[in-house]
Amino acid sequence: MKRPASSEQVEISSDDSSSDAENSFTRVQQPYDDPTLPLSPAAWLFRRAKSYQDYMKLIPIPGPNRGTVIPYTSWTGLGTSLKQIYDQPLHYLTNIQLKRMDRERLGAEDEDVLLETIIHPSKAEATIWLIEEVHRRTASPYHIAELWEADPMYHAFIDTIFPKLGS
């Protein structure tokens with residue numbers, strides 16, 4: 001049974017106790033997709049973020065049974081190696097987190113020490129896959145769209161690896 005089409009849009013704005021600038025992203029929900037209606041830039045970005053998150057949820061996290069140790073000097077370097085070895089993308093939020101973790105080492109007393117000598121490569125790999133699982137399973141497309149809206153270069157942190165899904 002078909003529902004009657006509705007042209008009514010429901011706007012929901014964030015009501016956290018943070019600043020107005022942080023809450024500027026308006027959530028637009030269209031109950032019925034009508035391809036003839038033009039989308040606002042925010043609605044288009046949300047639709048893209050939703051598609052991205054839905055796709056990332058479909059990609060299974062690899063198991064820990066590989067058995068080899070991956071040498072690495074930085075979190076982003078290890079992330080790049082994992083992408084190549086497993087032929088899988090890392091979530092946008094994971095890529096941002098790895099970059100942030102590398103920046104946090106700047107100025108530390110052991111900044112010049114190889115990261116793999118501080119944190120065992122197996123533990124580091126497991127850490128990245130745990131962060132990745134959290135992002136794939138729980139990230140909100142609204143949050144992703146807000147971040148993308150604030151960063152015009154967000155494409156740089158979206159991997160272009162497309163693994164085969166299914167069967």
Side-chain angles (χ1 to χ4, degrees), residues 13-27 41-42 44-166:
S13 61
S14 177
D15 197 16
D16 292 343
S17 60
S18 41
S19 74
D20 288 340
E22 293 173 2
N23 293 328
S24 65
F25 189 83
T26 303
R27 298 178 183 187
W44 178 85
L45 201 57
F46 169 74
R47 184 175 283 182
R48 236 184 118 140
K50 174 121 176 63
S51 295
Y52 175 78
Q53 184 63 22
D54 289 346
Y55 173 72
M56 292 303 288
K57 283 181 180 180
L58 296 174
I59 304 170
I61 301 290
N65 300 329
R66 202 172 48 74
T68 59
V69 173
I70 303 170
Y72 70 104
T73 57
S74 68
W75 287 105
T76 53
L78 180 57
T80 300
S81 295
L82 293 177
K83 294 173 203 179
Q84 293 170 353
I85 290 169
Y86 291 103
D87 194 32
Q88 279 205 12
L90 289 179
H91 197 282
Y92 166 80
L93 295 173
T94 303
N95 286 322
I96 297 293
Q97 182 68 35
L98 295 178
K99 182 179 175 187
R100 186 177 300 135
M101 289 164 64
D102 282 339
R103 274 193 316 227
E104 289 171 359
R105 287 197 71 209
L106 297 176
E109 63 186 47
D110 60 357
E111 175 185 4
D112 57 339
V113 177
L114 291 177
L115 194 55
E116 68 184 14
T117 62
I118 299 170
I119 300 171
H120 191 276
S122 297
K123 285 184 180 180
E125 180 180 347
T127 299
I128 290 176
W129 287 123
L130 180 60
I131 292 169
E132 180 67 10
E133 184 174 19
V134 168
H135 290 148
R136 285 185 189 178
R137 291 185 177 200
T138 66
S140 161
Y142 290 109
H143 178 66
I144 295 169
E146 286 176 342
L147 293 173
W148 289 357
E149 184 178 51
D151 180 11
M153 296 300 295
Y154 71 89
H155 297 92
F157 296 100
I158 297 177
D159 296 328
T160 56
I161 301 169
F162 300 103
K164 293 180 182 178
L165 301 175

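By convention here, the first residue in the shown sequence is residue 1.
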* To do: Would you mind listing every salt bridge (Lys or Arg N to Asp or Glu O under 4.0 Å) that reaches into residues 48-61, with sequence neighbours excluded?
  => Lys50-Asp54

[X] versus [Y], closest heavy-atom pair with distance:
| X | Y | answer |
| --- | --- | --- |
| Ala49 | Pro141 | CB-O, 3.5 Å |
| Gly79 | Ile128 | N-CD1, 4.1 Å |
| Gly77 | Ser74 | N-OG, 2.9 Å |
| Ile70 | Pro121 | O-CB, 3.3 Å |
| Ala139 | Leu93 | CB-CD1, 3.6 Å |

With sequence neighbours excluded, what pairs up with [X] under the side chain to side chain contact (heavy atoms under 4.5 Å, CB included) test?
| X | value |
| --- | --- |
| Thr138 | Val134 |
| Arg137 | Glu133 |
| Leu114 | Thr73, Glu116, Thr117 |

Tell me, please, which residues at least two apart from [X] pass side chain to side chain donor-acceptor pair (under 3.5 Å).
| X | answer |
| --- | --- |
| Thr80 | none |
| Lys99 | none |
| Asp159 | Lys83, Asn95 |
| Asp110 | none |

* To do: Walk me through it: do Tyr72 and Ile119 pass the test side chain to side chain contact (heavy atoms under 4.5 Å, CB included)?
  => CA-CA 10 Å; Tyr72 70 104; Ile119 300 171; 3.6 Å; yes

* Asked: Glu125 side chain to Val69 main-chain N or O, any donor-acceptor pair under 3.5 Å?
  -> no

* Asked: Are any of the side-chain heavy atoms of Ile131 and Trp75 separated by less than 4.5 Å?
  -> no

* Below 4.5 Å, heavy atoms only, C-beta onward: do Leu78 and Leu115 meet side chain to side chain? -> no

Just how far is it from atom [atom1] of [X] to atom [atom2] of [Y], taken to the nearest 0.5 Å?
| X | Y | atom1 | atom2 | value |
| --- | --- | --- | --- | --- |
| Ile96 | Asp151 | CD1 | CG | 6.5 Å |
| Lys123 | Ile118 | NZ | CD1 | 13.0 Å |
| Leu45 | Tyr154 | CG | OH | 5.0 Å |
| Arg136 | Ile61 | CZ | CD1 | 4.0 Å |

* Sequence neighbours excluded, every pair satisfying ring-ring contact (aromatic ring centres under 6.0 Å, His included) that has a member inside residues 109-134 -> Tyr86-Trp129

* **Listed once per pair and sorted, the ring-ring contact (aromatic ring centres under 6.0 Å, His included) pairs that draw on residues 87-116, sequence neighbours left out** => Tyr52-His91, His91-His135, Tyr92-Trp148

* Name of the residue among Gln97, Gln88, Met56 meeting side chain to side chain contact (heavy atoms under 4.5 Å, CB included) with Glu132 -> Met56

